[in-house]
Amino acid sequence: MKQSIKEILKGKPIGTEVTVCGWVRTFRSNQFAAVSDGSCIQTIQVVVDHEATDPGLLKRITTGSAIIATGTLLASQGKGQDVELKATHIEVVGDADPEKYPLQPKRHSMEFLREIAHLRIRTNTFGAVMRIRHSLAYAIHHFFHERGFFYFHSPVITGSDAEGAGEMFRVTTLPLNKIPFTPEGAVDVKKDFFQKETNLTVSGQLEAELAALALSRVYTFGPTFRAENSNTTRHLAEFWMIEPEVAFFDLQDDMDLAESMLQYVISFALEHCADDIQFLKERQEQEEASKPQAERSPMDLVSKLKFVVDNKFERLTYGEAIEILKNSTPNKKGKFQYPIEGWGTDLQSEHERYLVEKHFQKPVILTNYPKEIKAFYMRVDEGEKTVSAMDILFPAIGEIVGGSQREERLDVLTRRMEEMHVPLEEMQWYLDTRRFGTCKHAGFGLGFERLVLFVTGMSNIRDVIPFPRTPGNAEF
RNA sequence: GCCUCCUUAGCUCAGUUGGUUAGAGCGCCGGACUGUUAAUCCGUAGGUCCCUGGUUCGAGCCCAGGAGGGGGCGCCA
């Protein structure tokens, strides 16, 4: 395999002949081409002898063009880099017409780049984000594998419509212009591909529970689909979710697992993506320099990540959080849009942000929520008022993890499902786990893009996934 | 789904109370320079002021409707 720019810059084989394949970022003074191949944030400087090179070829070395350059690697005579490639042969294999190529060697707005998502991967920022995204995915697999977890593949097409995690995308091969109906006037799903109603998964949790009660420690990591009409910087219609599920785990074990996992993968990124994170840190600082002090990040990106790795998350119950919020200055001064009424109301994002960003100034794990505001599968606590749920809240992102100890008692679970109108008949396969060899178990869901958002310091979730799917947008 | 803001050159944006020929920086193109670092200097070109309709002697600016985008909230990961 040819050496990547990352390998050349690391090995620095000065004096030897090397070949660089990549795309030109800038071409300065008709002499210095900054070439990137995406292997790292750095470019390599290819020095062209402009007096000995055909002017027609020189004109084709433009921003965005693909080139193959061969020459000797030398210590750089200039200041900005250690080494440079003194080209003896240069070939433009793919021209990029400078009149038409949309990327210029300058800052572009995120909104503009989103419209050219097929090209934005070539920018420094998106290159860094994509490399960090890869490293985080790799670190997640590594973390679980080392701890004896099995990667379990829950189905993407689900026949269950009782997952209760949100609106679903219908999967069908029925012709929309000629839908078959039953004599009663309903859609005749027996004529459909699966002979029943099917949807894209909104969660692999229920299937992961089945696996945990057989393999003990499992996790899923796959695409997840929510047809909610959510228009925020934290929501996607198609996103990736990690869902570990562990037999004989209680809520405390679950929190320990989630916290150590987040700290592990963030420190993995700090170690293996240091250059990319450093680039994004400086980018964020430049961007915030023009903002008023109050809108700037309290910590730079690297400090923020190190802080999360080095400090325990704050753990408290929902009830304790309500007390803190009730007595908080913004609540007393009527600054909250939704004033804290007391125990039982769901927390709004302004409340979560106050706890995380103002009161504790660190990640917070909230536990033991009122059972009325949480899902049917969460274990009912003693006293029947709360469930063993936990949400991990991160600054600027909000809920990054949602998890719980699961209700393993068949009678309690069936009662809860009846209360919450979950169709029991369709869920017998799920209830079988409680009928046969049930045991306490727990798990959580981690929104992968929210993790990438946090680690990269980007401000919109649409900029940490290659081709974002949101209401009204499924380009590329 | 609700609220709000925006749409002017390839990109980022300015455009005063409604006034005559709509500007800047960067990019592109041409030239100069040639150890540059988003190179620099000089010059040229580049506009359906998002669309439709209205008010007005006159609309980039005001009004109505539409389209596209941003942000906040809700739903949640």
Side-chain angles (χ1 to χ4, degrees), chain A residues 25-34 42-51 58-59 62-64 74 76-81 84 86 96-116 123-124 163-167 202-205 220-221 223-243 258 286 290 295 336-338 346-353 373-375 391-394 397-403 444-454 459-463 465 470-473 475:
Chain A
R25 287 295 175 73
T26 63
F27 188 42
R28 294 181 289 266
S29 301
N30 236 5
Q31 230 186 137
F32 306 101
Q42 285 83 12
T43 53
I44 193 164
Q45 174 153 287
V46 173
V47 184
V48 183
D49 184 348
H50 62 286
E51 282 169 349
L58 284 178
K59 275 188 77 73
T62 60
T63 299
L74 298 173
S76 179
Q77 292 175 43
K79 284 209 176 103
Q81 56 283 316
E84 64 192 18
K86 180 91 175 121
D97 183 347
E99 294 242 299
K100 292 176 184 154
Y101 187 61
L103 293 173
Q104 300 165 6
K106 60 170 277 188
R107 283 182 76 87
H108 289 97
S109 68
M110 286 297 123
E111 292 80 9
F112 172 68
L113 292 172
R114 236 169 260 155
E115 288 170 14
I116 51 166
T123 63
N124 285 333
E163 289 168 11
E167 291 296 310
V202 291
S203 165
Q205 181 201 312
T220 71
F221 187 169
T224 309
F225 307 87
R226 304 265 168 98
E228 301 286 348
N229 191 12
S230 297
N231 294 290
T232 79
T233 55
R234 309 179 302 282
H235 289 85
L236 292 165
E238 175 184 295
F239 64 102
W240 290 66
M241 186 155 66
I242 297 103
E243 293 176 291
Q286 282 169 22
S290 57
E295 287 174 32
F336 283 142
Q337 195 188 336
Y338 300 88
D346 209 351
L347 298 180
Q348 304 295 320
S349 65
E350 60 178 341
H351 306 134
E352 297 179 348
R353 292 187 72 129
I373 59 175
K374 287 291 182 184
D391 284 356
I392 303 186
L393 309 175
F394 266 29
I397 289 159
E399 187 179 343
I400 194 167
V401 161
F444 62 84
L446 167 72
F448 183 56
E449 282 74 18
R450 290 191 179 174
L451 174 66
V452 182
L453 201 53
F454 183 75
S459 45
N460 193 316
I461 202 162
R462 292 164 208 169
D463 300 328
I465 189 167
T470 53
N473 190 354
E475 291 302 303

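Small disclaimer: the values here were computed from a predicted structure and weren't measured. FYI, side chains are in, hydrogens and waters are out, and symmetry mates aren't considered; it's all heavy atoms of this structure.
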Would you mind reading off the distance between A/Glu115 atom CD and B/rC50 atom C1', rounded to a whole angstrom? 12 Å
Looking only at side-chain N and O atoms, does A/Thr232 offer a donor or acceptor that is under 3.5 Å from a partner on A/Arg234? no
Contact check, side chains of A/Phe27 and A/Val48, non-hydrogen atoms, under 4.5 Å: yes
Is A/Thr233 touching bases, backbone alone, or none of the nucleic acid, heavy atoms closer than 4.0 Å? sugar-phosphate
Can you check the distance between B/rC2 and B/rA77, where both ends of the measurement are the P atom (answer in whole Å)? 24 Å
Nearest-angstrom distance, P atom, B/rC49 to B/rG53: 14 Å
Checking all strands, does A/Ile397 fall into the base, sugar-phosphate, or nothing category for heavy-atom contacts under 4.0 angstrom? nothing
From the set B/rG35, B/rG70, B/rC76, return the single nucleotide nearest to any side-chain atom of A/Gln45. B/rG35
On the nucleotide B/rG71, are OP1 or OP2 found under 4.0 Å from the side-chain N or O atoms that A/Arg462 carries? yes
Check whether any side-chain heavy atom of A/Ile116 sits under 4.5 Å from a side-chain heavy atom of A/Leu103, and report yes or no. yes
Counting any heavy atom closer than 4.0 Å, what does A/Glu99 reach on the DNA or RNA strands: base, sugar-phosphate only, or nothing? sugar-phosphate
Measure the distance from CZ on A/Arg28 to P on B/rC41 and round it to the nearest whole Å. 16 Å
What distance separates A/Arg353 CZ from A/Ile397 CD1, expressed to the nearest 0.5 Å? 10.0 Å
P atoms of B/rG46 and B/rG35, separation to the nearest Å: 35 Å
Pairwise P distance, B/rA64 and B/rA24 [rounded to whole Å]: 33 Å
Report which part of the nucleic acid A/Glu449 touches: base, sugar-phosphate, or nothing (heavy-atom distance under 4.0 Å, all strands). nothing
With sugar-phosphate meaning primed atoms plus P, OP1 and OP2, does A/Phe444 contact a base, only sugar-phosphate, or nothing at under 4.0 Å between heavy atoms? nothing
What is the distance, to the nearest angstrom, from the CZ atom on A/Phe454 to the C1' atom on B/rA77? 15 Å
Polar side-chain atom of A/Glu228 near backbone of A/Glu167 as donor-acceptor pair, under 3.5 Å: yes
Please confirm whether A/His351 and A/Tyr338 have ring centers closer than 6.0 angstrom. no
Which part of the nucleic acid, if any, lies within reach of A/Gln77 when heavy atoms closer than 4.0 Å are counted: base, sugar-phosphate only, or nothing? base
Per A/Thr232 side chain, nearest of listed nucleotides B/rU36, B/rC75, B/rG10: B/rC75
Donor/acceptor link under 3.5 angstrom from A/Ser230 side chain onto base of B/rC76: no
What contact category does A/Arg114 fall into here, base, sugar-phosphate, or nothing, at under 4.0 angstrom with non-hydrogen atoms? sugar-phosphate
Would a 4.5 Å heavy-atom cut-off, applied to side chains only, mark A/Val202 and A/Phe225 as touching? no
Any side-chain N or O of A/Asn229 below 4.0 angstrom from OP1/OP2 of B/rG1? yes
Closer to the 5' end of RNA chain B via nearest nucleotide, is it A/His108 or A/Asp346? A/His108
With heavy atoms under 4.0 Å as the rule, sort A/Ser109 into base, sugar-phosphate or nothing. sugar-phosphate
Of the candidate nucleotides B/rG35, B/rU12, B/rU36, which contains the atom at the shortest distance from the side chain of A/Val47? B/rG35
CD of A/Gln348 versus P of B/rC73: gap in Å, rounded? 10 Å
When the P atoms of B/rC51 and B/rG10 are compared, how many Å lie between them, rounded to an integer? 14 Å
Would you classify A/Gly78 as touching base, sugar-phosphate or nothing, given that sugar-phosphate means primed atoms plus P, OP1 and OP2, and contacts are heavy atoms under 4.0 Å? base
Side chain of A/Lys106 - closest among B/rG74, B/rC76, B/rC26: B/rC26
note: A/Ile116, atom CD1; B/rG69, atom P; distance rounded to Å ~ 15 Å
May I ask which nucleotide in the shown strands pairs with B/rG25, Watson-Crick or G-U wobble, both distances under 3.5 Å? B/rC11
Given that A/Lys59 and A/Leu347 both sit by RNA chain B, which one's nearest nucleotide is further toward the 5' end? A/Lys59
Regarding A/Glu350, tell me which of base, sugar-phosphate or nothing describes its non-hydrogen contacts under 4.0 Å with the strands shown. nothing
Integer angstrom distance from the P of B/rC73 to that of B/rG15: 29 Å
Would a distance-only check, ignoring hydrogens and angles, find a side-chain to backbone donor-acceptor pair under 3.5 Å from A/Thr470 to A/Leu236? no
Partner nucleotide, any strand, of B/rU52 [Watson-Crick/G-U, under 3.5 Å]: B/rA64
Nearest to side-chain heavy atoms of A/Tyr338, which nucleotide of B/rC28, B/rU34, B/rC73: B/rC73
Among B/rG1, B/rG35, B/rU12, the one nearest A/Asn231 by side-chain distance: B/rG1
Is any side-chain heavy atom of A/Glu475 closer than 4.5 Å to one of A/Glu115? no
Distance check: side-chain N/O of A/Arg234 vs OP1/OP2 of B/rG72, anything under 4.0 Å? no
Can you find a side chain N or O atom of A/Ser349 that sits less than 4.0 Å from OP1 or OP2 on B/rC73? yes
Check the distance between B/rC26's C1' and A/Leu103's CG and give it to me in whole angstrom. 15 Å
What distance, rounded to whole Å, do you find between the two P atoms, one in B/rU34 and one in B/rC50? 45 Å
Using Watson-Crick or G-U wobble geometry with both distances under 3.5 Å, which nucleotide pairs with B/rC73? B/rG1
Suppose you measure atom C1' in B/rC3 against the same atom in B/rA45; what distance do you get, rounded to whole Å? 44 Å
Does a nitrogen or oxygen in the side chain of A/Thr26 sit under 4.0 Å from OP1 or OP2 of B/rA38? no
Using a 4.0 Å heavy-atom cut-off across all strands, classify A/Lys79 as base, sugar-phosphate, or nothing. base
How would you label the contact of A/Asn460 with the nucleic acid (heavy atoms, under 4.0 Å): base, sugar-phosphate, or nothing? sugar-phosphate
Considering every strand and a 4.0 Å limit on heavy-atom distances, what is the contact class for A/Glu84: base, sugar-phosphate, or nothing? base
A/Phe239 aromatic ring stacked with six-membered ring of B/rA77, 5.5 Å and 30°: yes
